[in-house]
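To keep things clear, I will list the structure first and then write my remarks on it.
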Number of protein chains: 2
Amino acid sequence: MMYSVELIVINKEGVRDPEGETLKRYVIDSTLPGKVLDARVGKIIIMKINASSKEEAEDLARRLAEQRRLYNPIVHKIRVRAERVEDSNN
Amino acid sequence: MMYSVELIVINKEGVRDPEGETLKRYVIDSTLPGKVLDARVGKIIIMKINASSKEEAEDLARRLAEQRRLYNPIVHKIRVRAERVEDSNN
């Protein structure tokens, strides 16, 4: 079965995120004053993975990220989320 | 109520994504041979937004992205996803 898997890499809570801070201060706050408490900018890798279950797809993505150092566990955290898709579409 | 809103910006289907292609060819395919059909790399902005409903939170993020050109609709598509959070955590 085919899964669309999102692997999100963002800075941990305790790590500053200058890109997000700048975006919030100079772009977001003037457009949505008072509505946005925090903004963080990160990277996302979206993969189409062939796996037998949602759990296996997420596990493959998580192990890939760890083995190939797609993130740095000292400063980043990851979120992994798989969702079933038809084989032909996104 | 507080929502954690993910705003994902990735290249459209018809637009090449050299970063994703390189990641797939030189990193993913050797680790998970035959399992990953496609990889795309994008940007994600995670915001904490104060809104009265999930729909309003998503709508605010979408309008922010459009008004302030956080993406280029010619080459990018966006996904917006809000989820209720407690006011104090992430």
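In what follows, every chain begins at residue 1, and chains take the letters A, B, ... in the order their sequences are listed.
- Counting only residues at least two apart or on different chains, the salt bridge (charged side-chain N to carboxylate O under 4.0 Å, His left out) pairs with a member in residues 61-73 of chain A are A:D59-A:R63.
- In this structure, chain A has a heavy atom under 4.5 Å from the side chain of B:I8, while its backbone stays farther away.
- Of the residues considered (A:G42, A:G20, A:A39, A:A51), A:G42 shows the highest number of contacts with chain B, using heavy-atom pairs under 4.5 Å.
- Residues B:L64 and B:M47 form a side-chain contact, since some pair of their non-hydrogen atoms from C-beta on lies under 4.5 Å apart.
- Listed in order of number, the residues of residues 25-33 of chain B that approach chain A to under 4.5 Å between heavy atoms are B:Y26, B:V27, B:I28, B:S30, B:T31, B:L32.
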For this session: With side-chain contact (heavy atoms from CB on, under 4.5 Å) as the test, would you mind laying out the steps for B:L7 and B:I44 before giving the verdict?
Result: CA-CA 6 Å; B:L7 171 66; B:I44 183 166; 6.0 Å; no
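- By the side-chain contact (heavy atoms from CB on, under 4.5 Å) test, A:E58 pairs with A:K54, A:V80, A:A82, sequence neighbours left out.
- Cluster note: A:V75 groups with A:V15, A:I74 through ILVMFWY side-chain heavy atoms spaced under 4.5 Å, whether in direct contact or through intervening members.
- Of all the heavy atoms in B:A57 and B:I49, the pair that sits closest is O-CD1, 4.0 Å.
- The most heavy-atom pairs under 4.5 Å with chain A, out of B:V41, B:L23, B:V5, come from B:V41.
- Within the 4.5 Å cutoff, the side chain of A:R40 has no heavy atoms near those of the A:K24 side chain.
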